[in-house]
Amino acid sequence: DAGITQSPRHKVTETGTPVTLRCHQTENHRYMYWYRQDPGHGLRLIHYSYGVKDTDKGEVSDGYSVSRSKTEDFLLTLESATSSQTSVYFCAISESYLASRPGANVLTFGAGSRLTVL
Amino acid sequence: GDSVTQMEGPVTLSEEACLTINCTYTATGYPSLFWYVQYPGEGLQLLLKATKADDKGSNKGFEATYRKETTSFHLEKGSVQVSDSAVYFCALSNRDDKIIFGKGTRLHILP
């Protein structure tokens, strides 16, 4: 299995506090993604990265920021958590997006981080 | 923009029944199409994929055919097992780096 770990796996915090979720990979994959999963909404992309210091927004990026200072780490930060950010957060990695490449756009997911904002 | 629509769940079937989960997409060009499965308490994992029209992806008895004329990628299995109970997600990737998921379909298989 691909080496991808998320931390923390569970966190309970209060409204207004900052929260950082970490995704760590040992596969040296170029692409890393943060998704949130909510009932009735499925999986929605928050931010993604296509290289060190190269990131872009997804469809639900408001209230979130990311950083990628090393290939292996992709951090998701909630500067001031709100109750609407209570969710399960998944990190994913992929080797390439080019359809011609083997494994293109095949995502490998972490086990998820459950965040509760009170 | 690109989007994926899949049938609402939950879907409840008896063991050994036939399964079809519908998935249609909207996209320009020629996207790659995927089915992912999420077992309880776990992250998603790739079930099968197809990268061009008329390709058939298959794995663990599941199949899906990339139909460009109907913009569909329906998931099928001839005889389901209790262990197939999970949430199934249809997804597409297009010319950029983003991968778009449907909302997921929860499947319950009764013994």
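No hydrogens, no waters, no symmetry mates; every other heavy atom, side chains included, goes into these values. In what follows, chains carry the letters A, B, and so on, assigned in the order in which the sequence lines appear, proteins first and then strands, with residues in each chain numbered from 1.
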What part of A/Leu45 gets within 4.5 angstrom of chain B, counting heavy atoms only: side chain, backbone, both, or neither? side chain
A/Gln37, part contacting chain B, at a heavy-atom distance under 4.5 Å: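 Looking at A/Gln37, just its side chain touches chain B.
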In the single-linkage hydrophobic clustering (I, L, V, M, F, W, Y; side-chain heavy atoms under 4.5 Å), do A/Leu43 and B/Leu46 co-cluster?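 Linked within one cluster.
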Going only through I, L, V, M, F, W and Y residues with side-chain contacts under 4.5 Å, is there a path from A/Leu75 to A/Leu21?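 Each belongs to a different hydrophobic cluster.
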Minimum heavy-atom distance B/Phe34-A/Val106, with the two atoms named: CE2-CG2, 4.2 Å
Given a strict heavy-atom distance threshold of 4.5 Å, which part of B/Gln38 is in contact with chain A: side chain, backbone, both, or neither? side chain
Report the option among A/His41, A/Arg114, A/Gln6, A/Glu59 that has the most heavy-atom pairs separated by less than 4.5 Å from atoms of chain B. A/His41
[X] atom [atom1], neighbour heavy-atom count above 12 within 6.0 Å:
X: B/Glu42; atom1: CD; value: yes
X: B/Lys68; atom1: NZ; value: yes
X: A/Glu14; atom1: CD; value: no
X: B/Arg106; atom1: CZ; value: no

Interatomic distance, [X] atom [atom1] to [Y] atom [atom2] [nearest 0.5 angstrom]:
X: B/Gln45; Y: A/Leu107; atom1: CD; atom2: CG; answer: 13.0 Å
X: B/Ile99; Y: A/Tyr35; atom1: CD1; atom2: OH; answer: 5.0 Å
X: A/Phe90; Y: B/Leu44; atom1: CZ; atom2: CG; answer: 6.5 Å

